[in-house]
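Let me begin by presenting the structure, written as structure tokens, before commenting on it.
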Number of protein chains: 2
Amino acid sequence: MTRRRATIDDVAAQAGLSIKTVSRVLNGEPNVRPQTRDRVLAAAKGLAYQPNVSARRLASKRSFVIGLLYDNPDSDYVMAIQDGALAVCRRLDYHLLIHPCRTLAPSLVDEAVSLHHRSTVDGLILTQPVADFEPLIRALIEADIAFVRISQRDSAGDSPCVSVDDERAARLMTDHLILLGHTNIGFIIGHPDHGSSHDRLLGFRASLQAHGLSPDRAPVEQGLYTFDSGFACAQRLLARDPRPTAIFASDDHMAMGVLTAAYEKKLAVPAELSVCGFDDTPMARYACPPLTTARQPIRQVARVATECLVNRLQGKDPGERRYVLESKLILRESTSRCGTRR
Amino acid sequence: MTRRRATIDDVAAQAGLSIKTVSRVLNGEPNVRPQTRDRVLAAAKGLAYQPNVSARRLASKRSFVIGLLYDNPDSDYVMAIQDGALAVCRRLDYHLLIHPCRTLAPSLVDEAVSLHHRSTVDGLILTQPVADFEPLIRALIEADIAFVRISQRDSAGDSPCVSVDDERAARLMTDHLILLGHTNIGFIIGHPDHGSSHDRLLGFRASLQAHGLSPDRAPVEQGLYTFDSGFACAQRLLARDPRPTAIFASDDHMAMGVLTAAYEKKLAVPAELSVCGFDDTPMARYACPPLTTARQPIRQVARVATECLVNRLQGKDPGERRYVLESKLILRESTSRCGTRR
DNA sequence: TCGTTGAGTAACAGCGCTGTCAGCCGGACG
DNA sequence: CGTCCGGCTGACAGCGCTGTTACTCAACGA
């Protein structure tokens, strides 16, 4: 029952052609007569032929695998990235190798280079904060390993990168709060290792400035993109005098922490405190009250990055080096006009 | 700068030995003198030699890759599974290929078999509900493809499987509610395709029975392991007369839905309604109030499954075919004594 | 003394593909 | 009519490793 699996030789024999011609057909190479092509395809189908990827990899010196490096505690983010990358991989007949890691470990550099040198992967996609880890970037460039960064921060050797316009989205979010009449808006910065934290702060400050409010006097706390850090920062912000009437947390996890801090302080949201987050994680919709936030096209970011990487691997170098996608404000019930009691 | 990468021939030449001996050392095969071994290792190190995985795969007819099949909307669950599987893979020098999919598609069977026939993967780990997808199981057995299921449901050919004792945990959770004085406990069943749903219901009923309460008269609704389904089921449960004083949702997502339904009905949790979930997803801790739930050792389940699979791939067949791990009750603030107003 | 043994090593033939290059053939062109 | 060219195909040499087989040599017992 368990017959030997058909090889390219079997297909060639069956079709009465050379294995090279079979190879050409299967790889979509030019210069094959349609009639020949059909014969090959028929034979392949008849034998239920499945090319052996290992042999292909060895002979072609390419692995058709791309590696995805990340170090992110947010499952939803990681899943979305994986999802987007996988969608493109399937379409282009590549495989995806996930490689979660710890940014800080210098061994990461060796790991990444090794992945390539063992010809396990052809190229890498780096997400934040790995994408901003300079030693790695330099090593990859030096070793001539193809990669695409998902990050808004510039980096050595203007490597291609894909990002979301965090600054603009943060500016729009702040505009939204200001339009609701808030003038004393607390801000919680994200993790210092992430470029996004910086950009979101910039957007916040830009909006204040544009509306004649002093960015330097705005109450700001440093968080870590975690629920607990959001909770702690909110406690500090809410202890200030005058108390902010709105808090803009740089991500939804911290915003959830803010919500809990408000709950414990018996502050009604949004009546007494408007709260907004960032990222539109699934739970944002289910928070009490549902969170106003900014939705990032994460899947698309991953798709663009993957496409870009594969293009580079195939030698098609599109002029483009930076792709910037835009987020969208999602207005829910956690923000309302300043001083409104519902 | 970009010199040709060292191959096994270079190492052999450098060490003054045959490539076969180098291969033996690098693969930990026996019958090599310690002194010879050292010479090989020194040469390999000196040349920064990295074995080419593609060549190894082709020659050994093994890919050293295991595939992970899942179809699960819960990012936290998937991440935990990936995490556990990766930990073992790294230790045993395997790679992990993730393969999210749609259970219902019959093409999944072809995909899975194809993954193996192209020698992309040596074996597969199946999580629920894929693990309970009979056509796939049968196809894998027929094609003689190694796999391990993560599921509590029995399946054709008593294939190895790893699971969590859901029934016991659900029983303990129900015991907990009954001990708090609840006698009218609503239950929300999970997704019908998941074996866990069934087991949790069994545990619930067993506990009622054991305490002299009639399982058949308990208010039960069919959910889908989603927030929205939990919300809808809760609305129906809370509309019943007499109204349940506690609701046991088969997972945390649905429990969150219950919380929201209670919030909209202005029912205080836990004073007027105790709520408990299952799974201890990260958000359970951050719910308002924090959810009483059952924590599953998901990472460990994945670790055990991966180890089991690799063992089978390496021919070491441990007698064990079923591994059952235990969950742990996590008591938080969403459950309290029946009728207590705090 | 000589065969026997087994640990240690090497030679060599693939694994199943792709890349290179050479060959064939028919049509365009001078 | 010969030459050239481009489309199409095949022969063949690897890609870098592992499995198999065979060989060498010291230790050992009859």
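Here is how names work: the chains are called A, B, and so on, in the same order as the sequence lines, proteins then strands, and each is numbered from 1.
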A/Tyr70 pairs by side chain to side chain donor-acceptor pair (under 3.5 Å) with which of A/Gln82, A/His99, A/Gln128? A/Gln82

B/Leu126 versus B/Ile150: any side-chain heavy-atom pair under 4.5 Å? no

Validation row: A/Leu96, A/Leu86 side chains within 4.5 angstrom (heavy atoms): yes

Rounded to whole angstrom units, what separation is found between the [atom1] atom of [X] and the [atom2] atom of [N]?
X	N	atom1	atom2	result
B/Gln35	C/dA7	CD	P	18 Å
B/Asp93	D/dC17	CG	P	14 Å
A/Asp9	D/dC12	CG	P	14 Å
B/Asp10	D/dC17	CG	C1'	13 Å
B/Asn52	C/dC15	CG	P	18 Å
A/Phe64	C/dC17	CZ	P	13 Å
A/Ile8	D/dG14	CD1	P	19 Å

In numerical order, the residues of residues 20-32 of chain A whose heavy atoms come under 4.0 Å of DNA chain D are A/Lys20, A/Thr21, A/Arg24, A/Asn31, A/Val32

Is it true that A/Arg56 and A/Asn27 share a donor-acceptor pair across their side chains at a distance under 3.5 Å? yes

Working to the nearest 0.5 angstrom, can you tell me the gap between A/Arg57 CZ and B/Ser63 OG? 8.5 Å

Could you tell me which non-hydrogen atom of B/Val32 sits nearest to which non-hydrogen atom of B/Val25, and how far apart they are? CG1-CG2, 3.8 Å

Salt-bridge contact [X]-[Y] (side-chain N to carboxylate O under 4.0 Å):
X	Y	value
B/Asp122	B/Arg62	no
A/Asp132	A/Arg149	yes
A/Arg322	A/Asp154	yes

Nearest heavy atom decides the nucleotide; on that basis, is A/Thr36 or A/Ile19 closer to the 5' end of DNA chain D? A/Thr36

Under a 4.0 Å heavy-atom cutoff, the residues of residues 53-61 of chain A touching DNA chain C are A/Ala55, A/Arg56, A/Ala59, A/Ser60

Given D/dG7, is OP1 or OP2 found less than 4.0 Å from the side-chain N or O atoms of A/Arg33? no

